[in-house]
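Worksheet for the structure shown next.
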Amino acid sequence: MRTLFLALSAVGLLALLIVPFVPALVYDIFVMKTLCFVLFACAFNLLLGHTGILSFGHAAFFGTGAYVTGHLVKVYGVPTDLGILAGGVVAALLGTIIGALAIRRSGIYLAMITLAMSQLVFFFFLQAPFTGAEDGLQRIPRGTFLGIIDLASDTALYYVVLCIIGAGLWVVWRTVNSPFGHVLRAIREHEPRAISLGYPVARYKIIVFTLSAGLSGIAGSLKAIIFQLAALSDVHWHTSGDVILMTLLGGMNTVFGPAVGAAIISTLSHYLDPFGAWVTVITGVVFMTCILVFRRGVLGQLQQRLKRRPSPTASTPIDTKPKPHH
């Protein structure tokens with residue numbers, strides 16, 4: 001199974017590397033947008049899939065990263081790389097505050113607190129004078145990356161985004177497969193037992209909230225640079241619902257299942273856009289079908305099927321015991 005995973009990963013990476021050279025097949029701006037949602041969904045899954053915390057307000061961090069980066073780059077002339085970093089840092093700080101408040105409750109009450117805090121963030125960006133209200137923060141300059149890479153070129157921007165998203169996904173993978181990640185799963189499975197073992201559960205929850213929010217903010221910052229726009233849709237509750245949908249569709253008990261869900265939802269939204277409002281209906285039908293057929297999500301179900309396949313080395317042993325002659 002590990003060999004198959006590595007092979008699929010290599011094929012996927014190769015496909016991503018050649019995207020700018022095949023514009024007739026796929027639009028690189030669309031792929032960059034999808035990559036942003038891939039990081040957003042995987043970051044969100046650190047809470048839902050690996051810690052058992054459902055957040056209904058994760059768009060607050062995604063949109064905060066977008067607005068902070070856009071404002072710093074456009075108004076203050078901050079270099080794009082520092083603007084993206086600042087967007088992630090501010091989103092992480094916001095995640096610390098919201099997380100510290102939300103973890104005082106559990107279950108649906110925690111989810112409602114995150115939704116309420118997210119709505120407060122939404123109304124702040126709606127009323128703040130620098131955000132452009134319903135028009136959004138427009139004409140954000142792309143600038144340069146590290147002072148040498150001109151991001152005005154879509155190709156250059158694509159590879160910068162690919163590298164940053166790759167680094168973010170590595171952070172997610174490293175977190176899940178670390179002792180810290182094992183404690184998170186212990187909290188998810190049986191929080192009272194984790195407390196009895198001496199783990200500071202509240203501190204772990206705040207840390208993972210902060211990390212998830214920071215990565216989500218970076219995803220939002222990249223989206224703002226790609227489209228040169230930070231809009232209210234980035235911080236709307238609908239975006240929080242989209243990331244939950246992506247996570248459930250891909251498989252919340254996997255590391256990169258949400259990435260598959262993000263790719264599916266983004267592809268449906270992009271290619272079915274001519275159908276207008278019917279996109280929501282079609283997406284809902286696809287979601288219900290996948291949930292009924294793939295109970296663990298697309299990637300989760302695939303992993304389960306591969307585990308059930310008999311290994312070639314596990315075939316029935318040959319009986320070498322001599323048989324009695326009659």
Side-chain angles (χ1 to χ4, degrees), residues 29-44 55-98 114 117-143 145 151 154 157-158 160-162 164-165 167-168 210-244 246 262 265-266 269:
I29 297 293
F30 159 68
V31 177
M32 284 190 279
K33 176 185 176 182
T34 301
L35 288 173
C36 292
F37 280 107
V38 162
L39 179 58
F40 185 29
C42 289
F44 170 77
S55 169
F56 277 154
H58 239 58
F61 313 125
F62 187 79
T64 295
Y67 275 108
V68 169
T69 299
H71 186 65
L72 290 178
V73 172
K74 179 180 179 179
V75 178
Y76 295 103
V78 174
T80 303
D81 45 354
L82 294 181
I84 294 172
L85 180 62
V89 170
V90 174
L93 292 175
L94 181 63
T96 303
I97 296 171
I98 293 179
T114 59
M117 297 300 292
S118 176
Q119 287 300 99
L120 289 177
V121 175
F122 172 81
F123 283 112
F124 168 78
F125 286 118
L126 176 63
Q127 300 295 331
F130 68 90
T131 61
E134 294 181 355
D135 293 330
L137 187 61
Q138 302 179 19
R139 294 191 297 273
I140 300 172
R142 288 181 175 179
F145 191 78
L151 299 181
D154 287 346
L157 177 62
Y158 175 83
V160 168
V161 169
L162 184 61
I164 295 176
I165 296 297
T210 302
L211 178 60
S212 178
L215 292 172
S216 299
I218 290 176
S221 298
L222 290 173
K223 183 174 180 289
I225 295 298
I226 293 166
F227 290 96
Q228 299 182 274
L229 171 70
L232 286 175
S233 60
D234 296 331
V235 75
H236 197 267
W237 65 266
H238 189 275
T239 302
S240 296
D242 285 343
V243 76
I244 296 174
M246 293 171 185
I265 296 300
S266 297
S269 300

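From a predicted model like this one, the values you see are computed outputs, not experimental measurements.
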Check your understanding: Are F44 and F37 close enough that their ring centres sit under 6.0 Å apart?
Key -> no

Test side chain to side chain contact (heavy atoms under 4.5 Å, CB included), reference Q228, set R139, R142, Q138, output is R142

From the list L215, T96, L93, side chain to side chain contact (heavy atoms under 4.5 Å, CB included) with T210 holds only for T96

Quick one: are [X] and [Y] in side-chain contact, heavy atoms under 4.5 Å?
X	Y	result
F61	V121	no
Y67	L232	yes
T239	D234	no

Worksheet entry | T131 vs F124, side chain to side chain contact (heavy atoms under 4.5 Å, CB included): CA-CA, chis, key distance, verdict | CA-CA 9 Å; T131 61; F124 168 78; 5.8 Å; no

Taking all non-hydrogen atoms of both residues into account, name the closest pair between [X] and [Y] and its distance.
X	Y	value
G87	S221	CA-OG, 3.6 Å
A86	L72	CB-CD1, 3.5 Å
I140	G70	CD1-CA, 3.5 Å
A219	C36	CB-O, 3.3 Å

| field | Step-by-step side chain to side chain contact (heavy atoms under 4.5 Å, CB included) determination, I164 to F145 | value | CA-CA 11 Å; I164 295 176; F145 191 78; 3.9 Å; yes

Discussion item. Other residues, nucleotides and ligands only: do more than 12 of their heavy atoms fall within 6.0 Å of NZ on K74?
Written reply: yes

When you measure from the side chain of S216 to the backbone N and O of F62, does any donor-acceptor pair fall under 3.5 Å?
no

Would you find a donor on one side and an acceptor on the other, under 3.5 Å apart, between the side chain of T34 and the backbone of F30? yes

Take I265 and D242, measure what side chain to side chain contact (heavy atoms under 4.5 Å, CB included) needs, and give me the verdict at the end.
CA-CA 8 Å; I265 296 300; D242 285 343; 5.5 Å; no

Report the C-alpha distance between L222 and I84 in whole Å, list the side-chain angles of each, state the deciding distance to 0.1 Å, and finish with yes or no for side chain to side chain contact (heavy atoms under 4.5 Å, CB included). CA-CA 7 Å; L222 290 173; I84 294 172; 3.7 Å; yes

